[in-house]
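Whatever order the structure lists ligands and atoms in, that order sets their numbers, starting from 1. These values consider heavy atoms only, across backbone and side chains, with no hydrogens, waters or symmetry-generated copies.
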Amino acid sequence: MVSLDALTTTEKVATLTTANGQAAMAVGPVVPYAAESNGAQAETDAPRRRRMTMLPLEVGTRVLCRWRDGKYHPVKVIERRKLPGGGGNDYEYYVHYNEFNRRLDEWVKLEQLDLDSVETVVDEKIEDKVTSLKMTRHQKRKIDETHVEGHEELDAASLREHEEFTKVKNIATIELGRYEIETWYFSPFPPEYNDCTKLFFCEFCLNFMKRKEQLQRHMKKCDLKHPPGDEIYRSGTLSMFEVDGKKNKVYGQNLCYLAKLFLDHKTLYYDVDLFLFYVLCECDDRGCHMVGYFSKEKQSEESYNLACILTLPPYQRKGYGKFLIAFSYELSKKEGKVGTPERPLSDLGLLSYRGYWTRVLLDILKRHKGNISIKELSDMTAIKAEDILTTLQSLELIQYRKGQHVICADPKVLDRHLKAAGRGGLDVDVCKLIWTPYKEQN
Ligand code: ACO
Ligand code: ZN
């Protein structure tokens, strides 16, 4: 692999122009680039090493990119843009790392790309056709993630256009309370925010503003010190508020805009009336500061007990995610129902749920004497039978004998799995939950 780190962009471009000025084909000024390990050796090495790379790189190009770990990883160029004040070929590239989640997509400079590794320049138009023809339900859903009501009527081309529009993060950072947070994904803020890369949120009412001064003015007159709605749980400094989307529409919508910045595969519902939001806060003398939340449909035919879950990045990996999950099952127990999270689960969502299910189920199996069925486990935990089955199957604790599933719970194996399932998270103290299930009021 040829390292290009030592060369400046200008030097690269200079080499390129002389190499072949004729080959321009793509939109915009294109300069072909001959990547060589060593100028003097170029002639002899040519058959083996020489590759022509057009600059600027096309969207769709696959290349190696130096990541924050200092190593090169395969990426696909998703978008490109001219550098302000740069020359005709000074572009930066928005790349997706094949091995990583989309939240790590980012703008990179040409210097980070190993041009010698350029594989192909994908013809996006051909790819477009293939993709739109072969769009699976999952892909369609992904495109719908920022859905506008009535999206079902959109044809494949409009959906593709929509995906095109959402592929690059729009808001790079937000300020919320005492934190400045880097965002992960696109969120469809109203058009008047199109020119913003940073937004300032009031941490209590979740109104968002373009400028810090606006937020400062807002904070002087905003009289909320906690989420609107009812405080249904308090234990130590932790409080949970239940917010009805119908009674607090603007709050619900603001929360959805905020959450979408960290949720990839979720639909953004403008119709927040149908949801309850459970907002977890850490409280001090300045107020109740949002840590995370989950949403729940008021009525779910699919027995979903949670639609979206989020722990804000500064609070992640501290056990709040498992607390929110445990809380959603405590609500299901009070309703006398079993529940399951809405699909699809994100990578982190799946890890958190798998960890939670494993810990809860194995704790029971460890303590339990005698036989226990999946139905009994489901009744005790409010975890849907299918989720119990897949969890125990993935731990290889289920055997199929004489036409039925049997749980095989060797204590040593259980201990090993429990250890691997990580920490238990923060416990929900059920006697501190004061809540009655939602009832439609006319
Ligand atoms: N890397 C590796 N493992 C992780 C990571 C990570 N970055 N984050 C969470 N996990 C795993 C770990 O096993 C962890 O347990 P451990 O810390 O004991 O090892 C477990 O998940 C849960 O950890 P918590 O601290 O309880 O969870 P957290 O507060 O970080 O919240 C959540 C988890 C809500 C999924 C968070 O990562 C998040 O908000 N992500 C962005 C939004 C999202 O993806 N939500 C789920 C979408 S699916 C749905 O909504 C139905
Ligand atoms: Zn406010």
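Sorted by chain and number, the protein atoms of type N, O or S within less than 2.8 Å of the Zn ion (ligand 2) are Cys202 SG, Cys205 SG, His218 NE2, Cys222 SG.
Checking side-chain atoms of Arg359 against main-chain N and O of Ala421 turns up no donor-acceptor pair under 3.5 Å. Formation of a donor-acceptor pair under 3.5 Å by the His417 side chain with backbone atoms of Ala420 is not found in this model. Using modelled atom types, no side-chain atom of Tyr251 and backbone atom of Pro227 make a donor-acceptor pair closer than 3.5 Å.
Among the atoms of Glu342, none of the N or O lies under 3.5 angstrom from an N or O of ligand 1. For the pair Pro341 and ligand 1, the shortest N or O to N or O distance does not fall below 3.5 Å. Where the criterion is an N or O separation shorter than 3.5 Å, residue side chain and backbone included, Gly321 meets it with respect to ligand 1. Among the atoms of Trp184, none of the N or O lies under 3.5 angstrom from an N or O of ligand 1. The shortest N or O to N or O distance between Lys318 and ligand 1 is under 3.5 Å.
The proximity of Ile309 to ligand 1, defined as any non-hydrogen pair under 4.0 Å, involves the side chain as well as the backbone. In Arg343, neither the side chain nor the backbone holds a heavy atom less than 4.0 Å from any atom of ligand 1. Neither the backbone nor the side chain of Phe294 comes within contact range of ligand 1; no heavy atom lies under 4.0 Å.
Below 4.0 Å from some heavy atom of Phe262 lie the following atoms of ligand 1, by number and element: 41 (C), 42 (C). Which parts of ligand 1 touch Lys322 is read off a 4.0 Å heavy-atom cut-off, strictly below it: atoms 15 (O), 16 (P), 18 (O), 20 (C), 22 (C), 26 (O). The ligand atoms of ligand 1 that sit less than 4.0 angstrom from a heavy atom of Thr311 are 28 (P), 29 (O), 31 (O), 34 (C), 38 (C), 39 (O). Taking a cut-off of under 4.0 Å to the non-hydrogen atoms of Leu348, the atoms of ligand 1 that pass are 5 (C), 6 (C), 7 (N), 8 (N), 35 (C), 37 (O), 40 (N). Heavy-atom contacts of Gly349 reach the following atoms of ligand 1: 35 (C), 46 (C) (cutoff under 4.0 Å). Near Cys308, meaning under 4.0 Å from any of its heavy atoms, are these atoms of ligand 1: 50 (O). Below 4.0 Å from some heavy atom of Leu263 lie the following atoms of ligand 1, by number and element: 42 (C), 43 (C), 45 (N), 47 (C).
For the pair Arg80 and Tyr91, the cation-pi test (distance below 6.0 Å, angle within 45°) is passed. Cation-pi geometry between Lys210 and Phe200 is not met: the NZ or CZ atom fails to fall both under 6.0 Å from the ring centre and inside 45° of the normal.
For atom 24 (P) of ligand 1, the nearest non-hydrogen atom from the set Ser346, Ala421, Gly319, Gly292 belongs to Gly319. Between Ala307, Ser352, Ala420, Ala326, it is Ser352 that holds the heavy atom closest to atom 33 (C) of ligand 1.
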Inset, instruction - Assess whether side-chain contact (heavy atoms from CB on, under 4.5 Å) is satisfied between Thr197 and Thr173, documenting all intermediate values. - result: CA-CA 7 Å; Thr197 53; Thr173 48; over 6 Å; no

Inset, instruction - Before giving the answer on side-chain hydrogen bond (donor to acceptor under 3.5 Å, both in side chains), spell out for Thr237 and Arg234 the whole-Å C-alpha distance, their side-chain angles and the decisive distance to 0.1 Å. - result: CA-CA 7 Å; Thr237 55; Arg234 187 190 296 186; over 6 Å; no

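Under the 4.0 angstrom criterion for non-hydrogen atoms, Gly355 is not in contact with ligand 1. Heavy-atom distances between Ala259 and ligand 1 stay at or above 4.0 Å for every pair.
Partners of Glu180 by salt bridge (Lys or Arg N to Asp or Glu O under 4.0 Å), not counting sequence neighbours, listed by chain and number: Lys198. With sequence neighbours excluded, no residue forms a salt bridge (Lys or Arg N to Asp or Glu O under 4.0 Å) with Glu203. Partners of Phe262 under the ring pair (Phe, Tyr, Trp, His ring centres under 6.0 Å) rule, at least two apart in sequence or in another chain, are Trp184.
When each of Asp273, Asp244, Asp271 is checked for a salt bridge (Lys or Arg N to Asp or Glu O under 4.0 Å) with Lys298, only Asp244 meets the rule.
With no hydrogens or angles considered, a side-chain donor-acceptor pair links Glu231 and Ser239 at under 3.5 Å.
For NZ of Lys334, the number of neighbouring non-hydrogen atoms (other residues, nucleotides, ligands) closer than 6.0 Å is greater than 12.
Side-chain contact between Asn98 and His73: absent, with no pair of heavy atoms (C-beta onward) separated by less than 4.5 Å. Put simply, the side chain of Trp357 does not reach to within 4.5 Å of the side chain of Ile388, judged on heavy atoms.
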